[in-house]
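Contents: one structure, followed by commentary.
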Amino acid sequence: MMKPILFSKSHLPLVHARFIISGQIHDPFLAGNLLESLLRSAPIAHSAARAFVSSFPRRSAFIYNTLLHAYLIDNLPSRALHLFDEMLHCNAVPNKHTFPLLLKALAQTRQLHCGVSLHSMIIKLGFSSDQFVHASLIHFYGSLGRVLDARRVFNENSGSGVSAFTALLSGYVKSGNLSSAREVFDGMPERNLVSWSAMISGYVQFGAPGEALVLFWEMMGMNLRPTYSILASILVAAAELGALPEGKWVHGFLERSRMRLSSNLKTSLVHMYAKCGDLTSAKQTFERSRDRNVDLWNAMIGGLGLHGRGREASVLFSDMVADGIWPDDMTFVCLLSAYSHSGMVSDGRECFESMSRVYKIEPKEEHYSCMIDLLGRFGFLMEAIHLIEIMPMRPSDGIWGSLFTSCGTYGDIVLGEALGKHLIEMEPYEPGCYVRLANLYASSGRWKDALSVRAAMKSRGVELEPGCSLIEVDGVVHDFLL
DNA sequence: TTAGGGTTAG
């Protein structure tokens with residue numbers, strides 16, 4: 001195998017000029033070396049790379065592939081696809097290295113039809129059994145929600161490699177089918193850290209944090225070294241379960257292994273400590289961190305809010321702005337929810353209003369939802385309705401639901417009855433709506449109406465599932481059915 | 001001749 005000749009960054013302009021003068025620029029191999037030297041010294045220098053390529057009279061597939069790769073690294077999938085058009089136009093023949101790059105660009109831009117056409121081209125050119133192309137095709141179909149097509153492509157190759165298995169597994173995860181994902185995982189002839197990561201994060205994303213923890217300990221039992229992303233998934237799982245010892249174990253592991261804590265991991269740690277009720281450790285982690293990005297501030301503001309410390313959350317927000325960190329959407333969700341948990345109605349109003357006026361962030365549905373919840377919780381029902389009326393988007397069932405709950409709290413039977421009926425009409429198989437409407441009737445002595453709501457619920461076959469609460473005692477997570 | 005794959009939390 002011939003090694004590429006790489007030129008140092010400082011020599012590049014000179015070498016480029018010399019190639020042009022001597023005519024060596026006509027040699028696609030040397031021109032390719034020049035391009036690769038540039039991109040190795042500055043991987044995101046796509047515009048300089050583009051200029052280089054424009055000066056190459058003969059452009060090989062290698063040259064196009066290298067530039068396609070640079071566009072993808074710089075998160076410019078559309079430019080990569082335009083470059084492919086140019087490649088075909090210039091009669092450069094794509095090779096097996098071209099297709100994984102294009103399939104990634106098409107997955108990112110979610111272009112199913114173009115991907116299907118490209119799939120035909122791959123078959124015609126005879127690249128479909130290449131393991132890189134094969135895994136990329138499965139990933140393409142899986143990430144566009146076409147898991148059956150992903151499975152069909154997977155089945156076409158008998159000796160699928162670990163990447164093809166992982167891509168299929170991840171396709172099932174994306175479609176929410178965790179049991180099929182697990183079947184693929186269990187059937188893998190070999191696994192690597194990427195496959196473990198895909199399965200563990202799949203469990204976390206789809207609300208199965210307990211399974212994620214079990215799988216994590218199984219992985220650790222095999223003496224595999226967890227990656228950052230696996231540890232971050234485990235921190236989320238621990239936060240969901242309120243499993244403080246597991247969360248602390250991850251923190252200890254990171255410190256023992258002297259792994260550098262990225263901002264993302266610090267954010268996950270703060271979130272985990274706050275959700276597990278250890279606000280002191282959350283604060284310590286936050287305060288020890290020197291380079292605080294907006295996500296880390298948000299995690300701490302949200303953590304304080306979760307514990308009803310709205311006043312401290314408000315002070316922290318001011319510190320953040322004073323520190324030169326510009327708030328984002330999530331900052332206001334955390335702040336509004338902190339005010340809601342602390343009964344700080346006027347602060348909430350002011351915050352909601354200043355979002356767009358001062359910080360130029362237009363409130364999204366989640367901000368309206370927080371604000372309506374805050375107003376409703378503290379009895380400002382008419383103001384909450386006014387906000388629903390003026391919000392630019394269609395109110396979600398969650399918004400109507402939180403207002404309905406407030407009607408029950410404040411005994412507003414007329415509004416509550418109208419909302420309850422509306423919600424049942426919208427979601428006839430949601431037991432909570434029936435129960436809350438029946439309770440509302442019962443609280444005002446309208447027993448007949450309460451019974452008829454219960455009867456309607458029964459006749460439609462809607463059953464109330466017991467609620468579940470989790471608590472961790474001495475390292476064991478217990479669940480309670482309510 | 002050089003290069004291309006699957007995972008990534010809050």
Side-chain angles (χ1 to χ4, degrees), chain A residues 1-6 27-37 39-40 60-70 72-73 94-105 107 127 130-140 142-143 150 154 160-171 173-174 181 184-185 188 191-205 209 212 226-240 250 262-275 282 293-300 302-303 330 333-334:
Chain A
M1 194 182 287
M2 192 160 170
K3 280 195 172 175
I5 309 156
L6 294 174
D27 180 340
F29 182 69
L30 289 176
N33 285 165
L34 198 65
L35 179 64
E36 215 197 343
S37 303
L39 289 167
R40 287 227 187 157
S60 61
F62 174 78
I63 286 169
Y64 278 108
N65 294 345
T66 308
L67 193 51
L68 281 172
H69 192 201
L72 287 177
I73 286 177
N95 62 17
K96 61 180 182 175
H97 296 272
T98 317
F99 293 103
L101 299 165
L102 291 174
L103 286 165
K104 193 182 261 184
F127 293 131
D130 178 87
Q131 60 166 329
F132 291 87
V133 176
H134 184 229
S136 302
L137 274 169
I138 297 164
H139 168 252
F140 167 76
S143 55
F154 177 86
S160 288
V162 63
S163 304
F165 273 94
T166 310
L168 182 63
L169 180 168
S170 148
V173 165
K174 282 182 189 122
V184 175
F185 182 78
M188 288 177 78
R191 298 183 194 120
N192 59 18
L193 285 169
V194 179
S195 0
W196 284 94
S197 177
M199 193 66 240
I200 290 172
S201 69
Y203 277 135
V204 175
Q205 280 172 59
T227 57
Y228 283 109
S229 69
I230 292 175
L231 291 171
S233 288
I234 293 305
L235 286 174
V236 178
E240 291 291 313
V250 172
S262 65
S263 300
N264 284 348
L265 268 174
K266 283 180 201 158
T267 304
S268 300
L269 279 168
V270 169
H271 174 77
M272 179 278 296
Y273 278 125
K275 285 274 277 184
N293 64 14
V294 67
D295 294 329
L296 188 63
W297 284 94
N298 290 348
M300 196 62 238
M330 187 51 75
V333 172
C334 294

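Keep in mind that the numbers below use all heavy atoms, side chains included, and drop hydrogens, waters and symmetry copies. Chain naming here is simple, since letters A, B, ... match the order of the sequence lines and numbering starts at 1 in each. As the structure is a computational prediction, the values presented were derived from the model and not from experiment.
- A donor-acceptor pair is defined here as one N or O able to donate and one able to accept, closer than 3.5 Å; such a pair exists between the side chain of A/N192 and the backbone of A/S195.
- For A/H271, there are no side-chain hydrogen bond (donor to acceptor under 3.5 Å, both in side chains) partners, not counting sequence neighbours.
- The side chain of A/P100 lies closest to B/dG4 when the candidates are B/dT7, B/dG4, B/dG10.
- Look at CD on A/Q205: it is 8 Å from C1' on B/dA9, rounded to the nearest Å.
- Using a 4.0 Å heavy-atom distance criterion, A/V133 is classed as a base contact.
- Contact between the side-chain N/O atoms of A/H97 and the OP1/OP2 oxygens of B/dT2 is not found at any separation under 4.0 Å.
- Close to B/dG4, at under 4.0 Å from its OP1 or OP2, lies a side-chain N or O of A/H69.
- Between A/L72 atom CG and B/dG5 atom C1' there is a gap of 12 Å when expressed in whole angstrom units.
- What separates CG of A/L169 from C1' of B/dG6 is a distance of 9 Å, to the nearest Å.
- Within 4.0 Å of A/V173, counting heavy atoms only, lies no atom of the nucleic acid at all.
- Ring-base stacking between A/F132 and B/dG5 is not satisfied when judged by a centre separation under 5.5 Å and a plane angle under 30°.
- Separating the NZ atom of A/K104 from the P atom of B/dG6 is a distance of 4 Å, rounded to the nearest angstrom.
- Look at A/K275 and you won't find any side-chain N or O under 4.0 angstrom from OP1 or OP2 of B/dG10.
- Residue A/N264 places a side-chain atom within donor-acceptor reach of the base of B/dG10, judged by atom type and a 3.5 Å distance cut-off alone.
- Rounded to whole angstrom, the span from the CD1 atom of A/I200 across to the C1' atom of B/dT7 amounts to 10 Å.
- Rounded to a whole Å, the CD1 atom of A/I138 is 11 Å from the P atom of B/dT7.
- With B/dT7, B/dT1, B/dG4 as the choices, the nucleotide that has an atom nearest any side-chain atom of A/K96 turns out to be B/dG4.
- Rounding to whole angstrom units, CZ of residue A/F140 and P of B/dT7 are separated by 14 Å.
- A/Y228 places a side-chain heavy atom less than 4.5 Å from the side chain of A/L265.
- Nucleic acid contact class of A/S170 (heavy atoms, under 4.0 Å, all strands): sugar-phosphate only.
- In A/M330, the CE atom is not crowded: 12 or fewer heavy atoms of neighbouring residues, nucleotides or ligands sit closer than 6.0 Å.
- Closest to the side chain of A/N33, from the set B/dG6, B/dT2, B/dG5, is B/dT2.
- There is no side-chain donor-acceptor pair under 3.5 Å between A/N264 and A/T267.
- Applying the side chain to side chain donor-acceptor pair (under 3.5 Å) rule to pairs touching residues 27-37 of chain A yields A/E36-A/R40, sequence neighbours excluded.
- For B/dT7, the base is not stacked against the aromatic ring of A/W196, per a cut-off of 5.5 Å between centres and 30° between planes.
- Contact annotation for A/N95: base contact, defined as any heavy-atom pair under 4.0 Å involving a base atom.
- On a pure distance criterion of 3.5 Å, no polar donor-acceptor pair joins the side chain of A/S136 and the base of B/dG5.
- Using a 4.0 Å heavy-atom distance criterion, A/V236 is classed as a sugar-phosphate-only contact.
- Rounded to whole angstrom, the span from the CD1 atom of A/I230 across to the C1' atom of B/dT7 amounts to 8 Å.
- Ring planes of A/F99 and A/F127: tilted class, angle from 30 to 60°.
- Aromatic stacking of A/F62 on B/dT2: satisfied, with centres closer than 5.5 Å and planes within an angle under 30 degrees.
- In terms of polar N and O atoms assigned as donor or acceptor, the side chain of A/D130 comes within less than 3.5 Å of the base of B/dG4 in a complementary pairing.
- In this pair, A/H271 does not lay its aromatic ring on the base of B/dG10; centres under 5.5 Å and planes under 30 degrees do not both hold.
- When heavy atoms are screened at a 4.0 angstrom cut-off, A/A198 is found touching the sugar-phosphate backbone but no base atom.
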